[in-house]
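Atoms within each ligand, like the ligands themselves, are counted from 1 in listed order.
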Amino acid sequence: MASSQFQPIQGMSDIAAPDSFLWQMIEERARDIFTRYCFSEVRTPILEKTELFIHSLGDTTDVVTKEMYTLEDRGGRKLTLRPEGTASAIRYVAAGGDKTASARIYYMGPMFRCERPQAGRKRQFHQIGVEAIGAPNPLADAEVIALQLHLLAAWGLADAKIRLNTIGLPEDRAAVLNGLREAIRPRLHELPEEAQQRFETNVLRLLDSKDEAVQKIIGAAPPVTEFMCAETRAYLDTVVETLRNLDIDVEVDTSLVRGLDYYVHTVWEVVHGGLGAQNALAGGGRYCIQIGKNAVNGVGFAMGVERVIAALEAGGISAVQFAPPPPVFIVSLGEAALKENLLLLQMLRKHGVACEMELSARKVQAQMRRANKTGARQVIIRGDSELEKGIFVLKNMGDGTQSEVDLPELMKLLT
Ligand code: HAM
């Protein structure tokens with residue numbers, strides 16, 4: 001069989017030890033922080049009706065037009081592997097009516113986007129996200145940002161930065177598009193052709209262009225907030241002020257745009273210097289999503305776990321640091337001891353000790369080699385003669401010393 005047949009699909013990865021130790025740390029600390037903020041977990045299906053994403057993310061967004069994994073099931077229904085977590089979470093909330101009107105939920109799991117694989121961009125990636133349901137309130141936005149920074153610090157990423165902006169209200173949109181176009185129009189001829197097309201189709205996308213010529217012209221245009229109504233600007237000011245009161249300094253970056261259509265008011269990204277071009281660790285914002293007859297309002301964010309890991313690794317953190325403590329290994333000499341040791345193995349595990357043993361009657365040297373391989377800190381050696389005397393030989397693999405102990409002593413030393 002060609003070796004490629006053993007590989008996962010391009011842009012998707014197996015996650016195994018030792019890497020999985022780091023994943024577990026990330027998930028455990030996230031659960032701990034979310035619980036302190038009174039968020040509870042929701043696990044929604046990975047497969048949803050395609051229309052859910054078209055309606056909520058927007059039918060002209062890159063995610064919907066180019067990146068979704070969509071399939072037809074046997075009944076001819078169009079289904080999509082979730083490209084993000086918000087739409088499913090909101091579908092769940094909308095189904096619950098009043099019960100979920102002020103839900104505070106979190107989720108973690110795989111998401112799928114058929115993007116061109118490159119550093120920082122995967123086709124199956126993982127998000128850890130939260131959604132706080134409720135009517136627009138700048139204090140709620142600030143609370144969710146504070147939660148996010150708390151979590152980043154718990155992971156060891158206190159140096160991550162927030163870029164904050166406002167998308168404004170739907171009523172602001174025409175004024176923003178108009179204002180931007182008028183500001184750019186006199187210098188339109190200086191823009192590259194592709195940017196000139198964007199000027200017509202989606203002028204907002206010019207704001208986060210990496211092209212220098214575009215950046216120069218955008219830099220000279222008034223900030224988008226200048227075209228927005230007083231209510232929008234006051235909302236943004238209150239978010240920033242509330243964060244300052246919480247000792248959180250954020251910079252408003254009016255060039256920030258988000259790639260999903262459901263946002264209103266506050267939007268933000270978390271960036272980290274340890275990442276390359278794809279430097280967004282997380283994206284978030286306030287949204288209003290229409291599901292059937294219900295409009296659900298909320299605020300939330302999603303962190304990209306692979307990017308969180310890249311940022312941690314850039315800072316010198318490695319997965320082995322989070323490996324569980326080394327196990328105890330049991331070596332048996334003879335059939336009778338093998339049988340008895342099986343009981344000891346289970347007893348130790350029931351007392352919380354991680355341990356392993358060789359289940360076939362192999363030579364002692366082979367068993368010791370395996371003990372070494374497992375990284376065992378202590379080895380219990382018991383053969384028929386120890387069995388008769390009711391003792392155990394306990395070998396410390398660190399310094400090579402060994403002693404004879406009885407059962408109560410063994411338990412005292414190991415538990
Ligand atoms: P998003 O900005 O599309 O927002 O994704 C959030 C994060 O997921 C990104 O900042 C990035 O870390 C990670 N991510 C996205 N695409 C990829 C990829 N192809 N490979 C690796 N990581 C990726 C959302 O998904 C919104 N649902 C966030 C949100 C929740 N807004 C409100 N509530």
Side-chain angles (χ1 to χ4, degrees), residues 9-13 15 26 34 39 42 44 48 52-53 56-58 61-64 66-69 81-93 103-134 136 140-141 143-145 147-148 151-152 155 157 160-165 167 208 256-272 274-289 296-312:
I9 296 167
Q10 197 190 16
M12 306 194 180
S13 305
I15 300 156
I26 287 170
F34 293 157
F39 281 71
V42 60
T44 60
E48 296 270 6
L52 171 70
F53 300 113
S56 45
L57 313 189
T61 55
D62 280 358
V63 174
V64 166
K66 301 185 203 154
E67 296 167 5
M68 294 204 304
Y69 279 98
L81 287 173
R82 61 182 185 192
E84 56 101 62
T86 309
S88 311
I90 298 313
R91 176 195 48 66
Y92 157 75
V93 166
R104 291 158 80 83
I105 50 184
Y106 76 84
Y107 48 86
M108 37 182 86
M111 309 289 161
F112 303 83
R113 294 185 193 175
C114 193
E115 299 188 72
R116 196 168 63 79
Q118 51 179 298
R121 270 196 200 289
K122 312 239 358 154
R123 289 182 168 174
Q124 177 178 323
F125 59 99
H126 297 74
Q127 287 187 342
I128 294 182
V130 308
E131 311 296 349
I133 308 307
D141 302 11
E143 188 197 14
V144 164
I145 293 173
L147 153 62
Q148 189 173 28
L151 176 55
L152 284 160
W155 283 337
L157 292 172
K161 297 261 169 305
I162 294 226
R163 298 172 64 204
L164 186 84
N165 194 12
I167 291 294
D208 67 346
L256 176 71
V257 280
R258 302 271 299 129
L260 306 167
D261 279 357
Y262 48 55
Y263 291 111
V264 289
H265 282 305
T266 321
V267 286
W268 69 90
E269 268 181 8
V270 176
V271 291
H272 191 270
L275 302 179
Q278 306 303 328
N279 66 352
L281 278 186
R286 170 159 290 286
Y287 48 80
C288 179
I289 299 179
V296 180
N297 287 283
V299 58
F301 63 77
M303 313 255 209
V305 180
E306 283 80 357
R307 295 195 193 168
V308 166
I309 287 175
L312 287 172

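- With sequence neighbours left out, the side chain to side chain contact (heavy atoms under 4.5 Å, CB included) criterion links Lys161 to Val271.
- The closest side-chain donor-acceptor pair between Tyr287 and Thr86, if any, does not fall under 3.5 angstrom.
- The salt bridge (charged side-chain N to carboxylate O under 4.0 Å, His left out) pairs that include a residue from residues 110-121 are Glu115-Arg121, where partners are two or more places apart or lie in different chains.
- For the pair Glu131/Val42, no side-chain contact is recorded, criterion being any heavy-atom separation below 4.5 Å from C-beta on.
- Here the shortest heavy-atom pairing between Gln124 and Phe112 reads OE1-CE2, 3.2 Å.
- Taking a heavy-atom cut-off of under 4.0 Å, ligand 1 is surrounded by Glu84, Thr86, Tyr107, Arg113, Glu115, Gly120, Arg121, Lys122, Phe125, Gln127, Glu131, Arg258, Leu260, Tyr262, Tyr263, Ala280, Leu281, Ala282, Gly283, Gly284, Gly285, Tyr287, Gly300, Phe301, Ala302, Gly304, Arg307.
- Scanning for side chain to side chain contact (heavy atoms under 4.5 Å, CB included) contacts around Ala160 gives Leu152, Val270, His272, Leu281, with sequence neighbours left out.
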